[in-house]
Structures are given as C-alpha cells and as structure tokens.
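To start, the structure under review is shown below, and the notes come after it.
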Amino acid sequence: MDRLIYTAMSGAKQAFLQQAGVANNLANAASTGYRAVEHKFRAVQVQGGELPTRAFTVNASVADTFDQGPLMATGRPLDVAVQGAGWIAVETPDGGEAYTRNGALQVNAAGQLQTANGMNVLGDGGPIAIPPDNRISIAPDGTVSVVPLFGTPNNSNPVGRIKLVNPPENELARGADGLFRLRSGQPADVDANVKLAPATLEGSNVNSVDAMVNLISLSRQFEMQVKMLQTADANARSAAQILTMNR
C-alpha cells in the first residue's frame with residue numbers, strides 16, 4: 001500500500017484535532033476570563049531504507065494563551081477583573097487551591113464569597129465570610145469591605161482580602177474544570193503586585209474573527225488530506241488491476 005495513505009492520514013487526524021480545539025475556543029468566546037488553547041504540531045520524517053522524502057504530522061503540545069482579555073465595566077460591586085498578569089485563588093471541592101480569571105463573584109446562602117460556579121474565593125485565612133445585611137465593596141488590592149445597611153452609616157469594615165497570585169505561566173496546568181493549578185500541586189504565594197479592577201469583568205481572550213478564519217483554514221486542510229487519501233486509494237486499485245491483467 002502506498003505510504004501516502006499513512007502520511008495523509010496523520011495530517012487529517014491532527015487537522016481534525018486542531019479543529020476541535022479551535023471550535024472549543026469559539027464556544028468560549030463569550031466566557032468570562034476564558035484563556036484560549038493553542039494546539040501545536042510538528043513534522044517528523046518517516047525513517048526507512050529510502051530517502052527521507054515524507055513526513056508524519058504529530059501533536060507536539062497543547063499550550064494556553066495568557067494574553068489579557070478585554071475589560072468590561074459592569075457597575076456590579078461583586079464583579080472584579082484582574083488587571084494584567086495574575087489570578088484569583090479559589091478553593092476546589094477537594095480542599096485544594098486553583099486559580100481563575102473569572103471575577104463574577106457572588107455570596108452564597110451561607111454567607112461565603114464564591115465564584116459564579118460555586119467555588120469559595122480564598123482570602124488570607126481561607127474562605128471569606130460576608131455578614132448579612134451589608135453592602136460589599138472590593139478594593140483594587142483585593143480587600144473586601146462591608147458597610148452595614150442598618151445602624152451607623154458609612155461604617156466600613158474589612159472582612160478579608162482576596163488571595164491574588166501570579167505564579168510563572170509555565171508552571172500552570174489547566175484542569176478538566178477549566179481552572180488552573182500549579183503543576184507541583186502546592187499553593188502559590190501571594191503577589192501584592194496583582195491588582196483588581198472593581199465593578200469590571202474580563203472577557204475571553206479568544207479573537208472570534210481569527211478563530212473563525214483558522215477554523216475554515218483547518219477545514220480546507222482536512223478536506224485536502226482526505227482527498228489525498230482517496231487519490232492514494234484509487235492509485236493502489238489501478239495498480240492492482242494492471243498487475244492482475246498482466247498475469
């Protein structure tokens with residue numbers, strides 16, 4: 001069987017996988033704080049007794065893009081966006097620590113400050129508790145303060161400080177839940193240089209137009225690889241027919 005079938009098959013497989021990654025990015029183009037995923041590939045020469053004239057396409061790595069997404073003012077006191085590099089630390093269900101850029105926060109029925117998907121936001125001493133009947137404000141350094149709605153007006157009381165971290169990007173890994181964690185499994189140190197933009201949310205860093213163009217290009221590449229598979233198969237059938245006629 002012609003080796004073209006194998007090289008074209010590897011190209012079609014990787015083009016299909018890359019299409020899936022780009023489609024996932026497009027699906028999250030409107031997700032708050034989403035970081036795009038980039039699939040990287042490389043060519044590996046086919047080793048054999050003949051000249052290395054052909055190459056397989058192999059999946060080299062899956063990388064995350066950490067560029068800043070657009071900041072959008074919402075006016076909501078519980079919305080915060082990380083400005084520049086950095087992350088908001090949250091507590092995972094297993095008691096571990098993970099990091100997100102999704103600053104759409106809320107207060108649950110137990111009075112704990114959480115992300116929109118129910119993860120406790122970590123402070124200096126663990127999850128941050130918000131007393132009832134208070135107006136909440138979050139400062140750029142992550143300090144959470146409350147002002148009682150009843151009694152003495154304008155009496156602001158700090159109740160905690162959101163843990164803001166900025167570990168090296170190459171030490172971060174994305175989990176199945178979309179949160180990032182340190183590859184070492186250890187908690188990151190607090191970074192006082194990380195700042196928040198109050199009453200603001202950060203959009204996804206996916207460029208929808210670029211992703212759509214990339215998706216169309218990958219679709220064409222996949223079609224081309226499939227066409228090469230069909231051509232190689234047709235050539236093999238014709239060769240087999242000629243050999244049969246010559247017997």
Side-chain angles (χ1 to χ4, degrees), residues 1-48 50-72 81-82 84-87 92 98-102 116-117 167-185 201-236:
M1 184 177 292
D2 195 293
R3 292 176 300 176
L4 173 61
I5 288 181
Y6 299 107
T7 54
M9 181 178 64
S10 71
K13 177 184 176 183
Q14 301 306 332
F16 180 77
L17 291 175
Q18 196 169 13
Q19 275 185 290
V22 175
N24 184 60
N25 285 341
L26 270 176
N28 286 283
S31 299
T32 304
Y34 176 78
R35 307 285 92 172
V37 178
E38 181 182 8
H39 291 258
K40 297 181 179 179
F41 301 94
R42 62 188 176 94
V44 176
Q45 287 186 340
V46 178
Q47 301 298 322
E50 302 174 1
L51 294 175
T53 57
R54 303 189 183 196
F56 285 131
T57 305
V58 299
N59 192 350
S61 63
V62 178
D64 297 296
T65 304
F66 294 102
D67 298 339
Q68 172 88 55
L71 299 183
M72 304 167 290
V82 178
W87 301 85
T92 56
Y99 311 107
T100 181
R101 300 272 299 192
N102 186 348
N117 56 358
E169 294 173 350
N170 59 359
E171 295 181 8
L172 289 171
R174 188 196 305 252
D177 54 5
L179 299 173
F180 286 82
R181 296 168 174 80
L182 281 179
R183 299 182 190 277
S184 64
L201 287 178
E202 180 190 9
S204 167
N205 68 351
V206 175
N207 185 315
S208 301
V209 176
D210 287 347
M212 184 62 71
V213 171
N214 193 16
L215 192 63
I216 294 172
S217 174
L218 288 169
S219 177
R220 296 289 184 268
Q221 291 179 28
F222 180 79
E223 291 175 0
M224 182 183 67
Q225 299 291 347
V226 172
K227 182 65 177 178
M228 291 174 67
L229 280 170
Q230 294 171 339
T231 301
D233 183 55
N235 289 341

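Since the structure is predicted, the reported quantities are computational estimates derived from the model, not experimental observations. Count residues from 1 along the sequence.
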Within 6.0 Å of CZ in Phe56, more than 12 heavy atoms from elsewhere: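 Yes.
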More than 12 heavy atoms of other groups within 6.0 Å of Met212 CE: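 Incorrect, the count does not exceed 12.
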Qualifying residue for side chain to side chain contact (heavy atoms under 4.5 Å, CB included) with Phe222, from Gln19, Gln14, Lys227: Gln19
Heavy-atom check, side chain of [X] versus side chain of [Y], under 4.5 Å:
X	Y	result
Arg183	Leu172	no
Leu71	Gln68	yes
Ser204	Thr32	no
Phe180	Pro167	no
Val37	His39	yes
Pro168	Glu171	yes
Phe16	Gln225	no

Closest non-hydrogen atom pair between Thr92 and Ala98, with its separation: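 Heavy atoms of Thr92 and Ala98 come nearest at CG2-CB, 3.6 Å.
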[atom1] of [X] to [atom2] of [Y]: how many Å apart, nearest 0.5 Å?
X	Y	atom1	atom2	answer
Tyr6	Leu229	OH	CG	11.0 Å
Leu215	Gln18	CG	CD	10.0 Å
Tyr99	Leu179	OH	CG	11.0 Å
Glu38	Asn214	CD	CG	9.0 Å

Tyr34: side chain to side chain donor-acceptor pair (under 3.5 Å) partners, not counting sequence neighbours: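 Tyr34 satisfies side chain to side chain donor-acceptor pair (under 3.5 Å) with Asn24, Asn25 only.
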Any donor and acceptor pair, going by atom type alone, linking the side chain of [X] with main-chain N or O of [Y] inside 3.5 Å?
X	Y	result
Asn28	Ser31	no
Glu202	Gly69	yes
Asn205	Asp67	yes

NZ/NE/NH1/NH2 to OD/OE distance under 4.0 Å, Glu169 and Arg35: no
